[in-house]
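Here the structure comes first, spelled out in structure tokens, and everything after it is commentary.
Chain identifiers are assigned alphabetically (A, B, ...) following the order of the sequence lines, protein sequences preceding nucleic acid strands; residue numbering begins at 1 within each chain.
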There are 2 protein chains.
Amino acid sequence: MTLKELARRLGLSPTTVSRALNGYPEVGESTRLRVIAAARAHNYHPNARARSLATGRAMAIGHVIPVSTHHEMVNPVFGDFLAGAGAHYAEAGYQMLLSVVPDTEEAATYRDLKARGSVDGVIVHAPRRDDPRIALLNEIGLPFLVHGRSSGAARPYPWIDVDNRRAFERATRFLLDLGHRRIGLVNGPEAMDFALRRREGYAQALAAAGLQADPALIRSGEMTEAHGYRSTRDLLGADAPPTAILVSSMIAAIGLRRAAEEAGLRLGRELSVITHDDMLSYLRNGEAEPLFTATRSSVHEAGRRAARMLIELISHPDTTPREQLLESDLTVGQSTGPAPAPDRRAGWRS
Amino acid sequence: MTLKELARRLGLSPTTVSRALNGYPEVGESTRLRVIAAARAHNYHPNARARSLATGRAMAIGHVIPVSTHHEMVNPVFGDFLAGAGAHYAEAGYQMLLSVVPDTEEAATYRDLKARGSVDGVIVHAPRRDDPRIALLNEIGLPFLVHGRSSGAARPYPWIDVDNRRAFERATRFLLDLGHRRIGLVNGPEAMDFALRRREGYAQALAAAGLQADPALIRSGEMTEAHGYRSTRDLLGADAPPTAILVSSMIAAIGLRRAAEEAGLRLGRELSVITHDDMLSYLRNGEAEPLFTATRSSVHEAGRRAARMLIELISHPDTTPREQLLESDLTVGQSTGPAPAPDRRAGWRS
DNA sequence: GCGCCGTCCCAAATCGTTTTGACAAAGAGC
DNA sequence: GCTCTTTGTCAAAACGATTTGGGACGGCGC
């Protein structure tokens, strides 16, 4: 069913039908009702491509997911982020375009998206320090929103991000208050900006307590279960193991738990742990009482807000705020407790 | 840069330029080379919408992800599946359209996708028994491929699926061979077809050994960590706890491990466990030696194959096979061992 | 009766491609 | 030299919407 066909059946011109359906005032109310009824009856939906060819707007947002060519890692938070964003797109009448491309072709993909007019804007995922994508998108003039930030970017750019520095600063302070002095950090890949900021917050809290971050207590890598396990095992096996560890994700924290159990350490007793919790739907942090003490921030919600913000940005480029900082809360669970007394520590370490 | 503009610069007609770029034989070789060079120089990419308006093909595949209105659960395997499918789409020049919709509006979404001509076909996720989407898609004439199967569908339909029945039959047999007699099943939601088939395989192996599936040993629910934990705790706390448990996913298996550790049971000793492993990128089943004994099948690879199959189906509807059954392998890890002798069991149970 | 102004509608152009049908120019066969 | 094919190119018509610039009709004021 096309517009022309519908118009013919109604004995009207395509113009009038189009205006009636799109709410323009130039059409009589009775006519409008007649048109709307007929459209519904014949299950008429305007062809998306024809429409956007005519209007010049794609009514679609792109998400480019780079896949590293060696280790085909899919960030587990993508699913929830996309679900959140997608929910808003659906409400706003936008479509979501997903491009999964080798990281070597990412730039070409953005150019392509722009040149073919496939999308009105894109969300940039997993920004790194000095991320080249920001300059690129500015250059080709494709509206974008960064999920996260990129330290060192030359000019201001629109972003939404969790206050990672503050979250980890606070978590570290919490551990310090409990008497911990040797605190480990199992971080994400430090090429990622969020990991950098978390490390800064961690170091800052230590410095404020007159301590210095010990490089031997810091590990970074892809946030897999295996990374959490390996890093924790290494840290615990060292000469002066930490009494507390900060972890960058629930997935890694699960690996940590495995390592801790292997070493015979109980969380919240001999070893304290705080993790960041993205509130993934399939990985809730306990039920009534949280399992892990955690800095929490819903990535699903971040996706929803990101989508809203980008769409606003596209339709009202001048009046839309271009930055949004999300706070995370610190929920205290069973995985933290006072630092063990030195003598007890000596006991279980032997 | 549009086709018309490029043609003007070259002193050719749009027709010729279009033909040159699309490899039609009616254009001279020297002209073709000249056109291609100019297109590259001016970074010309044909407008995707105009093109597909003219050709009638959207060059896009839709994935409709229903989100339950109460518990906004995002299936953790979606990420890897989409990454696999997306990789193939990119190669084949297709775009991937993601629709996240409340499950109540799923049917409307399919109709919409078809009526607006947004996609050439769709992948149906997470089919249930007698899934109404199959009839719907047949009715509206939108090509589709089901990831999984739907018992009770009236007519044949194209699908790709893991042999879930066989995998769980084999896993159960493996446990029986180790001497286990009370075997629990922590399954996915039994409205899902895959869960049904796994249960069948489980029951079948028990029956072949002269045993009957005990409903008290079966739990089903969303495959979260919490579900794995709760179900295991319940099973272990019962009067006659199982000595082995089958789990439907790694995520649930992690919850199981937590419950087992709480109960003081060591995996592969007092409690044997086999899980299904979708080979998620962030949740590898151990490194050199697998952590869990598992039935393995890469959902990333399934996504890739699904994409290929659907595109083939769209371009050659008659010659493409319409069904693909993937085998899973059984990898033996540290989580299984011989059934504990009754006396030992009595010991650790008290 | 005349001019003017809303109201309601329409014909035609436009978006950027592909595709159909036709037409010159050049070579081939007689 | 004349016709008959190729060969290479083009003008124009799709595709299905939106949007621009009017135009017919009736009612109103004078």
Side-chain angles (χ1 to χ4, degrees), chain A residues 1-36 38-39 42-60 93-95 112-120 315, chain B residues 1-36 38-39 42-60 93-95 112-120 315:
Chain A
M1 174 61 54
T2 71
L3 185 66
K4 215 188 296 183
E5 236 175 286
L6 187 64
R8 205 161 35 69
R9 279 173 204 253
L10 281 163
L12 291 172
S13 79
T15 310
T16 305
V17 176
S18 171
R19 305 212 117 136
L21 292 174
N22 289 312
Y24 283 79
E26 300 92 333
V27 45
E29 207 48 41
S30 63
T31 314
R32 181 186 311 268
L33 292 176
R34 203 158 60 91
V35 170
I36 290 177
H42 293 86
N43 190 36
Y44 167 76
H45 291 256
N47 180 294
R49 270 184 304 288
R51 171 193 284 231
S52 62
L53 182 57
T55 58
R57 299 186 312 154
M59 295 305 286
Y94 274 73
Q95 304 195 304
D112 207 79
L113 246 31
K114 166 70 177 183
R116 311 185 102 95
S118 302
V119 299
D120 296 322
S315 28
Chain B
M1 176 60 54
T2 70
L3 185 65
K4 217 188 294 182
E5 239 175 284
L6 188 63
R8 206 162 36 70
R9 279 175 203 251
L10 281 163
L12 291 172
S13 79
T15 311
T16 305
V17 176
S18 170
R19 306 213 117 136
L21 292 174
N22 290 312
Y24 283 78
E26 300 93 332
V27 44
E29 206 48 39
S30 62
T31 315
R32 163 158 314 159
L33 291 177
R34 200 158 62 91
V35 169
I36 289 177
H42 293 87
N43 190 35
Y44 167 76
H45 291 255
N47 180 293
R49 272 184 305 287
R51 170 191 283 228
S52 64
L53 181 57
T55 58
R57 298 185 313 155
M59 294 306 284
Y94 274 73
Q95 304 195 305
D112 207 79
L113 247 30
K114 167 71 177 182
R116 308 186 103 95
S118 301
V119 298
D120 296 320
S315 27

Would you indicate, yes or no, if [N] has its OP1 or OP2 atom less than 4.0 angstrom from a side-chain nitrogen or oxygen of [X]?
X: A:N47; N: D:dC15; answer: no
X: B:Y24; N: D:dG8; answer: no
X: A:R51; N: D:dG16; answer: no

When you compare the side chain of [Y] with that of [X], does any pair of heavy atoms fall below 4.5 Å?
X: A:D112; Y: B:H45; answer: yes
X: A:L21; Y: A:Y44; answer: yes
X: B:Q95; Y: A:V119; answer: no
X: B:R34; Y: B:L10; answer: yes

Heavy-atom protein contacts under 4.0 Å, nucleotides 7-15 of chain C, coded B base, S sugar-phosphate only, - none: -BBBBB--B
Calculate the interatomic distance between [X] atom [atom1] and [N] atom [atom2]; express it in whole Å.
X: B:R8; N: D:dT9; atom1: CZ; atom2: P; value: 19 Å
X: B:R49; N: C:dT18; atom1: CZ; atom2: C1'; value: 16 Å
X: A:M1; N: D:dC15; atom1: CE; atom2: P; value: 15 Å
X: B:L33; N: D:dG8; atom1: CG; atom2: C1'; value: 15 Å
X: B:R57; N: C:dT19; atom1: CZ; atom2: C1'; value: 14 Å
X: A:M59; N: D:dG16; atom1: CE; atom2: P; value: 21 Å

A:P14 and A:L3 have their tightest heavy-atom pair at O-CD2, 3.8 Å
Donor-acceptor contact present, side-chain A:R32 to main-chain A:Y24, <3.5 Å: yes
